[in-house]
Structure formats: structure tokens, C-alpha cells
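One structure below.
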Amino acid sequence: MNKELVSIVVPVYNKEKYIKNCINSIRQQTYLNVEILIIDDGSKDNSFSIINSLSKIDGRIRVFHQENLGVSSARNLGISKAKGSYLIFIDADDYVATDYVEHLMRFKKYDFVISDLKIIKQENIIKKVETEHGELNFTDDINSLFNFRNYPILSVIYTKLYKTNIIKKNNLLFRTLNYGEDSIFVMEYLSHVQSNIKLIDYAGYFNNVAEGTVSHDYNHDVWKQAVQIPYYFKLYFDNNIGWQYLYLRSIKLSLLNASRSYKLFKRVVNEIVSSQDTCKLESFLHERITDKLIIFLIKRRSKFVLYNLYRILK
């Protein structure tokens, strides 16, 4: 008997191609006691009609509509409407395995449960993103999360089981940003976690690399947005190694985003080196040779060498 209610929040904007598959994957869960909160963020395609049709055949679906205010606003509305003791976020173009909720709920005693994911493109699995599985005491092991092994999973809002009371008691909400709102929400949630965290060896979430997905599109101002993540990290945690990793990661994402043209790349490098925080990067605190090399080249403003390195890495 699935006694405890789990709220599942799905924000939707123009996802008519994917939303039926997403919702049906939730409806088919072996863990039955779920409420499915679908937040239509002013869709202009057939998404709202598809959602309404599905809600008529499954009473667990609750549909809400708002004007187009963005994914953060849609998720915040979902949080406010959630009645469950536990909360899960799923994106409208993704889907989950039938035992996804059941598997996460096996570890419900933890304040935070983090699972792996599979990335798919055109129905083919192209990558599995994993963590270092096990139990962590976050207060003692903060560096075990904010590193290249675990942070890629930590940076997204899905693949996780949250406790609703931690979110609502601390008034946690998504910030209205073009980039990094997932990462900042997860960091803020972690700052209120009291017990151990569980990273589980299970990948029941399928992240679809869909056309028109914001996180996969070119962003003309990514540095100013990406650097907000290490900024918020410093607000929540006093940890230099974690900040070092996140700051360098923001640099790397910005350079990769700008590598389509040398003119753009030079402009972004100039923005990065003009920041006083860039001088605080210490190569000896980073494990990977490529990271040490990028720090070396950034500090010496070796734009052309960096550009060619990124063209190769790309």
C-alpha cells in the first residue's frame, strides 16, 4: 500500500509533441498514490487540450493554467498547489520508468534522494549521467557533491526526491532567470538539509534532448548568467573548493557557448578576465589536467590558444 502522497510537478509550454508520453509515463507508475500537477504556462500549441483530455481519464491529474510567465513561475505555482509529503519535478519533454517513484520512495527517510539519468535523442540513449553512489553527510562532505563527478546531476532539478515540508517551511522558490535556476534551487534546498543525503544507483529518468529546449540552445549572454551560480553558492556555503569548481565550470560553459566564432570568444574571455574573482582561481585545487590548463590560459589571456582548444574539445 502506497500510503504517503507524492506530488509530481510538470511545467508545460508548447510541448504537444512530448506531453502525452510524459504524463502517461507518470500515470503508469507502480507507486499509485501520486498527484500529477500539470502547470500550463500559456502554451500556444495543442498542449493544453492534450492535458485536459488526459485529466478526464485520470483523477490524479490536476491542471492549472497561467499566462506565459516562464518555467520558474510555473514550478512555483506547482509547489504552492502540492499536497504531498514528497515532491518530484519532471520536465514536459522527458519521461520516467514505471518504477521511478517507487524506487525513489524506498529511500524516503533521507532529506534528499538523488538518482542517475539517461539522456536520449530521437529515442536513442546517448549518455548515462551517474553520481558516486552512497550516503553522504552534507555538512561534512560538501566537497563530495560540488565536483565534476557529482555536480552534473546536482545541477538539474529532476532525478530527485524532495521533502515538501523543507521547501514550504523555508519558502523555497525558483528564481526568474534565463540560466541556472535549477542549480540555485538545489543549492538552496541543500542549505536546509539536516540529515544524510542518498545518491542511488538507479537511472529511471529519461532526459530528452528536444528541439527548442532552452538549455541546449545558444545563449548570447551566458557568462553573466552562469557566474550567478558560484555567487549564490557563496551565499549558502562557506567552502572555497566548491566555489572554485563552480566558478571554473561557469567559465568553461561560457567559453564552449562562445566557441562558434573567434570574435565572440574574445569578447567573452575579456569579460571573464575582467572579473576580480577570476584571479582567485587556484589550479592546484583542481584535479583534471584540462582544468589546470584552462586556468593557466585564462590568467594569461591566451585567447587564440584557448579558442583552438575549445574547437578541438567541441
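Quick caveat: nothing in here was measured; it's all calculated off a predicted structure.
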Within the 3.5 Å criterion, strictly below it, is a donor on [X] or [Y] matched to an acceptor on the partner's side chain?
X    : Y    : value
T30  : Y100 : no
D40  : S43  : yes
Y232 : E188 : no
D277 : S275 : no
H192 : D111 : no
N308 : R311 : no
Q66  : D41  : yes
Y202 : D99  : yes

[atom1]-[atom2] distance between [X] and [Y], expressed to the nearest 0.5 angstrom:
X    : Y    : atom1 : atom2 : answer
N208 : I120 : CG    : CD1   : 4.5 Å
R62  : L37  : CZ    : CG    : 5.5 Å
Y86  : N33  : OH    : CG    : 12.0 Å
F112 : L161 : CZ    : CG    : 9.0 Å
I295 : Q244 : CD1   : CD    : 6.5 Å
I184 : Y179 : CD1   : OH    : 10.0 Å

Check the pair D94, K118 against salt bridge (charged side-chain N to carboxylate O under 4.0 Å, His left out), reporting the backbone distance first and the verdict last.
-> CA-CA 10 Å; D94 300 338; K118 293 176 181 176; over 6 Å; no

Run the salt-bridge test on [X] and [Y] with the 4.0 Å N-O cut-off and return the result as yes or no.
X    : Y    : result
K128 : E130 : yes
D93  : K17  : no
E35  : K83  : no
E287 : R149 : yes
D91  : R75  : yes
E181 : R175 : no

F185, I166: one ILVMFWY side-chain cluster at the under-4.5 Å cut-off?
-> yes

State yes or no: do V71 and I8 share one hydrophobic cluster built from I, L, V, M, F, W and Y residues joined by side-chain heavy-atom distances below 4.5 Å, directly or via other members?
-> no

Could you tell me whether the side chain of [Y] reaches within less than 4.5 Å of the side chain of [X], counting heavy atoms only?
X    : Y    : answer
I229 : M187 : yes
L136 : N196 : no
V129 : D116 : no

Ring centroid separation for [X] and [Y], is it under 6.0 angstrom?
X    : Y    : value
W223 : Y247 : yes
F89  : Y158 : no
Y245 : F146 : no

What's the verdict on ring-ring contact (aromatic ring centres under 6.0 Å, His included) for F304 and Y262, showing C-alpha distance, side-chain angles and the deciding distance?
-> CA-CA 8 Å; F304 187 72; Y262 185 50; 5.8 Å; yes

Is a donor on one side and an acceptor on the other found under 3.5 Å between the side chain of [X] and the backbone of [Y]?
X    : Y    : answer
D45  : K15  : yes
Y307 : K263 : no
S261 : L264 : yes
S155 : P152 : yes
K163 : L87  : no
T131 : L199 : no
S25  : C22  : yes

Residue pair V6, Y31: steps toward the side chain to side chain contact (heavy atoms under 4.5 Å, CB included) verdict = CA-CA 9 Å; V6 177; Y31 191 99; 3.8 Å; yes

Cation over ring face, R249 and Y151, 6.0 Å, 45° | no

Hey, mind stepping through L248 and F148 against side chain to side chain contact (heavy atoms under 4.5 Å, CB included) and telling me if it holds?
-> CA-CA 11 Å; L248 180 60; F148 67 89; over 6 Å; no

For I23, which of L54, I50, V10 qualifies under side-chain contact (heavy atoms from CB on, under 4.5 Å)?
-> L54

